[in-house]
Amino acid sequence: MDDIKVLSEEITLVCPLSQKLIDDAVKGEACTHLACFDKSSFENLQQKKCPVCAAPVNILQPSLNMQRVLEHVKHHSLDLRKVDSKFIVGGVPLQFLEACQDTEK
C-alpha cells in the first residue's frame, strides 16, 4: 500500500482554548501537528493535555515558525483566522519551515 502524504493543511491562528488570535504560539513537546495554541491560555486554564490532539503535555515547545506567521499577520494588519500550510513566510513556505523543526528545539 502506498503512503499517503498531506500536501496542504489548513491551520487555525485562533487558540482552541481562548478562541482569540494566538499571541504566543506553543504546542506540546510530543505533538507532531502544525496547529498551535496560546501559551498563557494553556497556563491560565492549568491544562495538562494538548487541546489539539489530547496528548499529555509536560513541556511547552514554542513554535517559532507559527510565531513568524502570526507576527506577519499582525504587522500587515491582515484579518486572517486560518492559513494554509503553504503560507509563505519570508519567501519560505510554512510547511518547509515546520519540516525544519530542529531549528525550534
Student: For Ser18, give me all partners under side chain to side chain contact (heavy atoms under 4.5 Å, CB included), at least two apart in sequence or on another chain.
Tutor: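 Ser18: side chain to side chain contact (heavy atoms under 4.5 Å, CB included) contacts with Cys15, Lys20, Ser41.
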Student: Measuring from atom CD of Glu29 to atom CD of Gln61, what distance do you get when rounded to the nearest 0.5 angstrom?
Tutor: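 Going from CD on Glu29 over to CD on Gln61, the span is 7.5 Å.
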Student: Between atom CG of Asn65 and atom CZ of Arg68, what is the distance when rounded to the nearest 0.5 Å?
Tutor: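 Output value for this atom pair is 4.5 Å.
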Student: Taking Leu70 as the starting point, is it possible to reach Leu34 by hopping between hydrophobic residues whose side chains are less than 4.5 Å apart?
Tutor: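 Yes: a chain of side-chain contacts under 4.5 Å links Leu34 to Leu70.
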Student: Give the minimum heavy-atom separation between Leu21 and Lys74, together with the two atoms involved.
Tutor: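 In this case the closest contact between Leu21 and Lys74 is CD2-CE, 4.0 Å.
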Student: Would you tabulate the side-chain donor-acceptor contacts of residues 44-56 under 3.5 Å, counting partners in other chains and residues two or more places apart, or write 'none'?
Tutor:
unit_1	atom_1	unit_2	atom_2	d
Asn44	ND2	Ser40	O	3.2

Student: So, taking the atom named CG in Asp38 and the one named CG in Leu17, what distance separates them when rounded to the nearest 0.5 Å?
Tutor: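 It comes to 8.5 Å.
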Student: Main chain of Asp23, side chain of Gln67: is a donor-acceptor contact present, judged purely on distance under 3.5 Å?
Tutor: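 Checking the backbone N and O of Asp23 against the side chain of Gln67, a donor-acceptor pair under 3.5 Å is found.
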Student: Could you pull out the closest heavy-atom pair between Lys39 and Leu60, with the gap in Å?
Tutor: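 Looking at all heavy atoms of both residues, the shortest contact is CG-CD1, 3.9 Å.
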Student: Atom CD1 of Ile22 and atom CZ of Phe42: how far apart are they, to the nearest 0.5 Å?
Tutor: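 Result: 13.0 Å between the selected atoms.
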Student: Of all heavy-atom pairs between Ala35 and Lys27, which one has the smallest distance, and what is that distance?
Tutor: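 Heavy atoms only, the tightest pair is O-CD, 4.0 Å.
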